[in-house]
J.: 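Submitted below is the structure of interest, expressed as structure tokens.
Labels below follow one simple rule: chain letters A, B, ... track the order of the sequence lines, proteins then strands, and each chain is numbered from 1. We use all heavy atoms of the structure for the numbers below, so side chains are in, but hydrogens, waters and symmetry mates are not.
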2 protein chains.
Amino acid sequence: MVLSKACTYGVLASLYVAKQSENKSYVSIRDMSNELRISFHFLTKILQKLTAEGILQSHKGPKGGILLAREARNITILDVVLAIDGDKVFTECVLGLPGCGSERPCPMHNHWITVREDLREMFSTKTLAATSDDIRELGLRLSIE
Amino acid sequence: MVLSKACTYGVLASLYVAKQSENKSYVSIRDMSNELRISFHFLTKILQKLTAEGILQSHKGPKGGILLAREARNITILDVVLAIDGDKVFTECVLGLPGCGSERPCPMHNHWITVREDLREMFSTKTLAATSDDIRELGLRLSIE
DNA sequence: CAAATAAAAGACTCTTTTATCTTAAATTAA
DNA sequence: TTAATTTAAGATAAAAGAGTCTTTTATTTG
Ligand code: SF4
Ligand code: SF4
């Protein structure tokens, strides 16, 4: 798996929040966990991390929940991925070897870094706004149902 | 991590065996585990799988060990990856969603399948022969040392 | 044949990831 | 100001991945 489970949940949740963000009210984690079919407490932890990283803002108490901390068009999926999984995927060797690299590349290296960069590019060119808009237009579901 | 630890070990071991394959004698797993700095018993398990999958052949007893079951130029790194990790990486959705796909793609889908295919291409165009030759020429190490 | 060697097989341990459960803290609204 | 609501925090549990250890089986060689 390229992204951890926690990370894919974080991306799906971020897209869900972006989608709901016309209504200015906070998005309930409980509702979201029901709709996305993600364990409430597990999701809560992931969102706490996104809140700590400044991607989401949260509010306790009745009518509380979460919101995007910035505008959806200023948050990329890469931001979410980096907040949860870090940059391991974009820096690691595909063979798991430490200490080698561009100076003395193996035959895999040059191809590998293009794949790696393409992956990063993919995440960095998609904003939450654009992606959730497209998902809505195309009618794609964010969960199993 | 794109490949499991077991899978990267399997690739490194296969390349090691390919490199040693001028000497017609069996390659000792013990020696290999020492040189590659991989736990002997863990490596043994991985190699058993490669043997079961018809990529390696083994021989018990004194002077025993393992050999490539086919010629090194007829085994690709993809063969080794598929034998150990299966085709998950090349078939899974990057967002972990089941049931959606090309019929109703999300904005990520089209880019994702090119990345996925590029990854597969990378593994499938490298044979053990070519890769181990290149590694030898370039003096790349297969382990931490 | 007996002893030594080396892979095969399987039980077991440790770590990380994923998931659940409980309690605490903050906020709202009656 | 009290009760209800909702996120925060942290302990615990289950599952998967990674690694270790022991016993068995096959083979070679003296
Ligand atoms: S040179 Fe090869 S082994 Fe080294 S980091 Fe690059 S891909 Fe990995
Ligand atoms: S359409 Fe999007 S969510 Fe569905 S499989 Fe493709 S990348 Fe994954």
J.: In Å and rounded to the nearest 0.5 Å, what is the CD to CD distance from A:E35 to A:Q20?
T.: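 Between A:E35 CD and A:Q20 CD, I get 6.5 Å after rounding to 0.5 Å.
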
J.: Would you mind reading off the distance between A:L43 atom CG and D:dT6 atom C1', rounded to a whole angstrom?
T.: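 So the CG-C1' distance, A:L43 to D:dT6, works out to 14 Å.
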
J.: To the nearest Å, how far apart are B:D31 CG and C:dA7 C1'?
T.: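 B:D31 atom CG is separated from C:dA7 atom C1' by 14 Å.
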
J.: Counting only pairs under 3.5 Å, give me each side-chain donor-acceptor contact of residues 64-73 of chain B, with atom names and distances, residues two or more places apart or in other chains.
T.:
from, atom 1, to, atom 2, distance (Å)
B:R70, NH1, B:N74, O, 3.0
B:E71, OE1, B:R73, NE, 3.2
B:E71, OE1, B:R73, NH2, 3.1
B:E71, OE2, B:R73, NH2, 3.3

J.: Within this structure, what is the CG-to-P distance between B:L50 and C:dA8, rounded to whole angstrom?
T.: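 The distance from CG of B:L50 to P of C:dA8 comes to 11 Å, rounded to the nearest Å.
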
J.: How long is the line joining CZ of A:R30 and P of C:dT20, in whole Å?
T.: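 Going from CZ in A:R30 over to P in C:dT20 covers 12 Å.
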
J.: At a cut-off of 3.5 Å, list every protein nitrogen or oxygen paired with a nitrogen or oxygen from nucleotides 9-16 of chain C, distance to 0.1 Å.
T.:
from, atom 1, to, atom 2, distance (Å)
C:dA11, N6, B:K45, NZ, 3.1

J.: For A:I46 and C:dT20, give me the distance from atom CD1 to atom P, rounded to whole Å.
T.: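 From A:I46 CD1 to C:dT20 P: 11 Å.
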
J.: With side-chain hydrogen bond (donor to acceptor under 3.5 Å, both in side chains) as the rule and sequence neighbours excluded, what pairs involving residues 80-92 of chain A come up?
T.: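 Residue pairs passing side-chain hydrogen bond (donor to acceptor under 3.5 Å, both in side chains), neighbours aside: A:S4-A:D85.
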
J.: Whole Å only: how far is the CZ atom of A:R37 from the P atom of C:dA19?
T.: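 Distance, rounded to whole Å: 16 Å.
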
J.: May I have the list of side-chain donor-acceptor pairs in residues 40-47 of chain A shorter than 3.5 Å, sequence neighbours left out?
T.:
from, atom 1, to, atom 2, distance (Å)
A:T44, OG1, A:F40, O, 2.9

J.: Contact list please: residues 53-61 of chain B against DNA chain D, heavy atoms, distance less than 4.0 Å, in numerical order.
T.: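 Residues of residues 53-61 of chain B that come under 4.0 Å of DNA chain D are, in numerical order, B:H59, B:K60, B:G61.
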
J.: Going by side chain to side chain contact (heavy atoms under 4.5 Å, CB included), name the residues that satisfy it together with A:S28, two or more places apart in sequence or in a different chain.
T.: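 Side chain to side chain contact (heavy atoms under 4.5 Å, CB included) list for A:S28, sorted by chain: A:R30, A:D31.
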
J.: Verify side chain to side chain donor-acceptor pair (under 3.5 Å) between A:D134 and A:T131, making sure each step is shown before the conclusion.
T.: CA-CA 5 Å; A:D134 286 356; A:T131 310; over 6 Å; no

J.: Mind checking what makes side chain to side chain contact (heavy atoms under 4.5 Å, CB included) contact with A:S14, not counting sequence neighbours?
T.: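 A:L50, A:V80, A:L128.
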
J.: Sequence neighbours excluded, which residues qualify as side chain to side chain donor-acceptor pair (under 3.5 Å) partners of B:N110?
T.: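 With neighbours one apart ignored, the set is empty.
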
J.: Between B:F40 (CZ) and C:dA6 (P), how many Å, whole number?
T.: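 Distance, rounded to whole Å: 9 Å.
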
J.: Hey, can you pull the donor-acceptor pairs under 3.5 Å for the side chains in residues 53-63 of chain A, sequence neighbours left out?
T.:
none

J.: How many whole angstroms separate atom NZ of A:K49 from atom C1' of D:dA8?
T.: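 Distance check: A:K49 NZ to D:dA8 C1' gives 16 Å.
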
J.: Quick test of your reading: applying side-chain hydrogen bond (donor to acceptor under 3.5 Å, both in side chains), list the pairs with at least one residue in residues 111-121 of chain A, sequence neighbours left out, ordered by first then second residue.
T.: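 Listed once each, the pairs are A:H111-B:D118, A:D118-B:H111.
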
J.: Can you pull out every ring pair (Phe, Tyr, Trp, His ring centres under 6.0 Å) where at least one residue sits in residues 72-105 of chain B? Sequence neighbours excluded, please.
T.: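 Output for this query is empty, none listed.
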
J.: Closest to the A:I29 side chain: C:dA8, D:dT7, C:dA29?
T.: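 The answer is D:dT7, which lies nearest to the side chain.
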
J.: Taking only nitrogen or oxygen atoms into account, show me every contact under 3.5 Å that the protein makes with nucleotides 16-18 of chain D, one pair per line with its distance.
T.:
from, atom 1, to, atom 2, distance (Å)
D:dA18, OP1, B:K5, N, 3.2

